[in-house]
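Worksheet: the structure to be examined is printed underneath.
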Amino acid sequence: MPELVFFSGTMDCGKSTLALQIEHNRSARGLQGMIFTRDDRAGEGKLSSRLGLVTDAVEVADDQDLYGYLVDHLSQGGRADYVIADEAQFLAPRQIDQLARVVDDLGVDVFAFGITTDFRSKLFPGSQRLVELADRVEVLQVEALCWCGARATHNARTIGGEMVVEGAQVVVGDVNQAEDIGYEVLCRRHHRRRMTAATARAGALSPDVLPIASA
């Protein structure tokens with residue numbers, strides 16, 4: 001039976017790499033897929049991973065009907081044996097409904113990839129709708145690590161290495177950016193304390209107690 005599967009995880013845990021692997025495996029068997037993406041780090045109309053792999057994709061617009069797009073593609077003689085939707089957290093809830101309709105009405109598997117929560121630990125609307133509708137939710141087993149070595153569970157937005165908790169929900173950036181806007185994955189403890197790798201290093205360089213000269 002065709003399924004809507006949501007592969008979720010933090011940033012830097014290999015979601016896009018897995019999406020590219022699924023695309024490779026199926027295309028190697030003669031299948032043809034439709035790849036949707038939104039705000040990929042490599043630019044418009046691209047699906048890329050941090051390992052350097054990249055392929056072309058359909059850039060999704062705010063008001064685009066994904067079900068209608070696929071029906072038009074098929075009616076014009078195109079093939080779509082499966083659908084991959086990367087950066088699915090950026091899709092609108094109604095677009096997730098359209099992907100579910102692709103599964104139910106067209107009998108096509110849909111593999112969606114995305115992070116679940118934003119830098120404030122709040123659910124992305126698209127991810128929330130995926131959790132509500134998906135036949136399966138798969139948490140990726142390649143664990144991203146916090147700077148302390150613990151399993152990273154939260155995504156942090158940083159400016160100049162310092163964590164921020166205010167701003168627009170969607171600002172495109174990447175991990176390990178020391179300047180301007182970047183992102184870092186943290187364990188819950190250090191996300192709660194707003195302690196990034198940069199601020200932890202700065203704290204280690206500053207002694208907690210000043211030395212007192214003896215009389």
Please table the atom pairs, donor to acceptor, closer than 3.5 Å between any side-chain atom in residues 146-153 and protein atoms at least two apart or in another chain.
residue: Trp147; atom: NE1; partner: Met195; partner atom: O; Å: 3.0
residue: Thr153; atom: OG1; partner: Arg188; partner atom: N; Å: 3.4

For residues 20-32, which side-chain N or O atoms pair as donor and acceptor with protein atoms under 3.5 Å away, sequence neighbours left out?
residue: Gln21; atom: NE2; partner: Asn25; partner atom: OD1; Å: 2.9
residue: Glu23; atom: OE1; partner: Tyr82; partner atom: OH; Å: 2.5
residue: Ser27; atom: OG; partner: Glu23; partner atom: O; Å: 2.9
residue: Ser27; atom: OG; partner: His24; partner atom: O; Å: 3.1

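In terms of heavy atoms, Ala85 sits closest to Leu99 at CB-CD1, 4.0 Å. The two residues Ser127 and Gln89 have their closest heavy-atom pair at OG-CB, 3.2 Å. Residues Thr199 and Thr196 come closest through the heavy atom pair OG1-N, 2.8 Å. Between Asp109 and Met1, the closest heavy-atom pair is OD1-O, 4.1 Å.
Under the 4.5 Å side-chain criterion, counting only non-hydrogen atoms from C-beta, Leu74 is in contact with Leu106. In this structure, the side chains of Leu130 and Leu4 come closer than 4.5 Å at one or more pairs of heavy atoms. Side-chain contact between Thr158 and Tyr183: absent, with no pair of heavy atoms (C-beta onward) separated by less than 4.5 Å. In this structure the side chain of Val60 reaches within 4.5 angstrom of the side chain of Leu91, judged on heavy atoms. Looking at heavy atoms from C-beta onward, Val110 lies out of side-chain contact with Val5 at the 4.5 angstrom threshold.
For residues 58-76, the set of pairs meeting the salt bridge (charged side-chain N to carboxylate O under 4.0 Å, His left out) definition, not counting sequence neighbours, comprises Arg38-Asp62. Screening residues 83-96 for salt bridge (charged side-chain N to carboxylate O under 4.0 Å, His left out) gives no qualifying pairs among residues at least two apart or on separate chains.
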Stepwise side-chain contact (heavy atoms from CB on, under 4.5 Å) test for Phe6 and Val131:
CA-CA 7 Å; Phe6 179 31; Val131 171; 4.1 Å; yes

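Listed by chain and number, the hydrophobic cluster partners of Leu123 come to none, as no ILVMFWY side chain reaches under 4.5 Å of it.
Asp105 meets the side-chain contact (heavy atoms from CB on, under 4.5 Å) test with Tyr67, Arg101; sequence neighbours excluded. Every residue two or more places apart in sequence or in another chain that forms a salt bridge (Lys or Arg N to Asp or Glu O under 4.0 Å) with Glu3 is listed here: Arg136. Partners of Asp118 according to the salt bridge (Lys or Arg N to Asp or Glu O under 4.0 Å) rule, which considers only residues two or more places apart in sequence or in another chain, are Arg120. Residues passing the side-chain contact (heavy atoms from CB on, under 4.5 Å) test with Arg129 are Pro93, Ile96, Asp97, Glu132, Leu133, sequence neighbours excluded. Considering only residues two or more places apart in sequence or on other chains, Phe7 meets the ring-ring contact (aromatic ring centres under 6.0 Å, His included) condition with Phe113. Remark: Asp81 pairs with Arg79 by the salt bridge (Lys or Arg N to Asp or Glu O under 4.0 Å) rule, at least two apart or across chains. Residues that satisfy the side-chain contact (heavy atoms from CB on, under 4.5 Å) test with Val58, not counting sequence neighbours, are Met34, Phe36, Gln64, Tyr69.
Put simply, OG1 on Thr37 and CD1 on Ile84 are 10.5 Å apart, with the number rounded to the nearest 0.5 Å. Between Ser8 atom OG and Ile115 atom CD1 the span is 10.5 Å, to the nearest 0.5 Å. Separating the CG atom in Asp56 from the OG atom in Ser48 is a distance of 11.5 Å, to the nearest 0.5 Å. Rounding to the nearest 0.5 angstrom, the gap separating the CG atom in Leu47 from the CD1 atom in Ile35 is 5.5 Å. Between the CD atom in Glu184 and the CE atom in Met163 there is a gap of 9.5 Å [rounded to 0.5 Å]. Remark: His154 NE2 to Thr116 OG1 distance equals 10.5 Å, nearest 0.5 Å.
Placement of Val71 and Val103 within a single hydrophobic cluster is found when ILVMFWY residues are connected by side-chain heavy-atom separations under 4.5 Å, directly or transitively. Hydrophobic clustering (ILVMFWY, side-chain heavy atoms < 4.5 Å, transitive): Phe111 and Val108 are in distinct clusters.
Listed for the His191 side chain is a donor-acceptor partner under 3.5 Å among the backbone atoms of Phe119. A donor-acceptor contact shorter than 3.5 Å is absent between the side chain of Glu162 and the backbone of Ile159.
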